[in-house]
There are 2 protein chains.
Amino acid sequence: MKKAKDKNTEEQILSAAKSIFQSKGMDGARMQEIADKAGINKAMLHYYYRSKQLLFEAVFKNAFSLLAPQLNAILNDDSSIEEKVRNFTSNYITFISKHPYLPNFIIQELNRNPEFILNMKDTNGFPNIEKFKKQVAIEIENGLIKPITAEQLFINIMALNIFPFVAKPLIMAFTNTDAIAYKKIMDSRKTEVADFIINSIKNN
Amino acid sequence: MKKAKDKNTEEQILSAAKSIFQSKGMDGARMQEIADKAGINKAMLHYYYRSKQLLFEAVFKNAFSLLAPQLNAILNDDSSIEEKVRNFTSNYITFISKHPYLPNFIIQELNRNPEFILNMKDTNGFPNIEKFKKQVAIEIENGLIKPITAEQLFINIMALNIFPFVAKPLIMAFTNTDAIAYKKIMDSRKTEVADFIINSIKNN
DNA sequence: ACATGGTTTAACCAAGTGGTTAACAAATGT
DNA sequence: ACATTTGTTAACCACTTGGTTAAACCATGT
């Protein structure tokens, strides 16, 4: 069972690397720690991934490939804006509870190295706003929603959904909430955020 | 002029440390790089600040002390919620343009070490939501705004204002905007974000 | 049985890392 | 004038870092 074993090790490495890189970042992560977590020799990391940088890139791309479909649900789905806002808000908050480090990891590493996203831009499935722009224009023309640019609306949707997870420690301190109370607040947001957005843009 | 010279060196160190720590984070920053930027010997860093950790804490507290008053403008000012939202949104975006690394730095380091904010919580001027909670309750009771918890409203205000700077590289990629176009979008937000929030919560 | 190929390991390495030291320079107090 | 304190430097140190190497291991094909 050469191939089975081999595949297993490679996956074990990636899984350990994910865990370490996503919680400590590129600079804070140590190859030795990843090896320990994977239960293998440090040399194996280099055998399978050549360098810290390449291992990191594998982890980053993997993380990004989880986030991208979520955003495409807003940008490329065919339902109405209202439906998309409601679905996304509900789904995203559930999604992130399973991957709590993900948004922070992506944002942090992209700020450390903004050019890095260019590598990813031509992979297919990369979120792009063009289709959403047309939809917003049409719904405004039809009087369904108030005038707003697609960019601003998209930023607002992202901000309201993602930020509470990214800034969790900060918000917890300001609002005097513990982990349990915070979880409840996030749960409420599954519907409240959608209402907040739709309240603001919908014509009545 | 011992004191003058001495003060000058200390400030030079702090200024260099700010620049390095805020762009590279605790883990990515190198003491040698900070010394070089300050134009002094590496040993001086330890002479004035003992350790990397303490120098970092000085930088962090300094950064936090810049951000806190901004948030207190929302939480503790006496004007109406609508006025506060309009003022904050306009002021904050201007403020952050002068300190672009600041929100990211604080958020990133707080996620790396969430207990760290506890040190800061009992310094006076630390943003606290209690007064704001009362104000929200009153304005709801008076029929000025629709029902919403103070926590949710506060999170929404922070999210809409801060997130676009934190996630800048990500948003730029998705919306196909360059630095100049992005700056323009941020400028529009000075009023648009306030309208967006008020539209959503105001009774009419 | 044996050669072959990929897999795994322990030991190693050069280049940094934060931090210290001891000597020197400059200012201050007396 | 001289001793003392404070500021500054170059050289150094122990330790960690990512990465390499050469030898061993082990499943397979012949």
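Computed over heavy atoms, backbone and side chain alike; hydrogens, waters and symmetry mates excluded. Proteins get letters first, then strands, A, B, ... in listed order; numbering begins at 1 in each. As the structure is a prediction and not an experimental result, all values here were calculated from the model.
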_Terminal axes of the helix from C:dA1-D:dT30 to C:dT30-D:dA1 (five pairs each): angle between them, nearest 10 degrees_ = 10°
*ring-ring contact (aromatic ring centres under 6.0 Å, His included) involving B:Phe165 - partner list, sequence neighbours excluded*: none
Rounded to the nearest Å, what distance is computed from the [atom1] atom of residue [X] to the [atom2] atom of nucleotide [N]?
{"X": "A:Leu45", "N": "C:dT9", "atom1": "CG", "atom2": "P", "result": "11 Å"}
{"X": "A:Tyr47", "N": "D:dA24", "atom1": "OH", "atom2": "P", "result": "18 Å"}
{"X": "A:Ile13", "N": "C:dT8", "atom1": "CD1", "atom2": "P", "result": "8 Å"}
{"X": "A:Met44", "N": "C:dT9", "atom1": "CE", "atom2": "C1'", "result": "9 Å"}
{"X": "A:Glu10", "N": "C:dG6", "atom1": "CD", "atom2": "P", "result": "15 Å"}

*asked:* Quick check on D:dT8: is either OP1 or OP2 less than 4.0 Å from any side-chain nitrogen or oxygen of B:Tyr48?
replied: yes
Backbone N or O of [Y] within a donor-acceptor pair of the [X] side chain at under 3.5 Å?
{"X": "B:Asn91", "Y": "B:Gln70", "value": "no"}
{"X": "B:Lys131", "Y": "B:Asn76", "value": "yes"}
{"X": "B:Arg189", "Y": "B:Leu160", "value": "yes"}

*Summarise how protein sits on nucleotides 15-21 of chain C as a single string, 5' to 3': B when a protein heavy atom is under 4.0 Å from the base, S for sugar-phosphate-only contact, - for no contact.*
--SBBBB
_For A:Phe105 and A:Phe60, I'd like to know if the aromatic rings sit close, meaning centre-to-centre distance below 6.0 Å._
yes
*Just checking, is any N or O donor in the side chain of B:Asn156 or B:Gln152 under 3.5 Å from an acceptor N or O on the other one?*
no
*Do other residues, nucleotides or ligands put more than 12 heavy atoms under 6.0 Å from the CZ atom of B:Phe154?*
yes
*If you draw a 6.0 Å radius around CD1 in A:Ile180, do more than 12 non-hydrogen atoms from other residues or ligands fall strictly inside?*
no
*List in chain and number order the residues that pass side chain to side chain contact (heavy atoms under 4.5 Å, CB included) with B:Ser15, two or more places apart in sequence or in another chain; answer none if no residue qualifies.*
none
*Could you list the residues that satisfy side chain to side chain contact (heavy atoms under 4.5 Å, CB included) with A:Glu130, not counting sequence neighbours?*
A:Asn128, A:Lys133, B:Asn176
*Residues of residues 55-63 of chain B with any non-hydrogen atom less than 4.0 angstrom from an atom of DNA chain D: list those, numerically ordered, please.*
none
_Lys/Arg N to Asp/Glu carboxylate O, A:Lys202 vs A:Asp195, below 4.0 Å_ = no
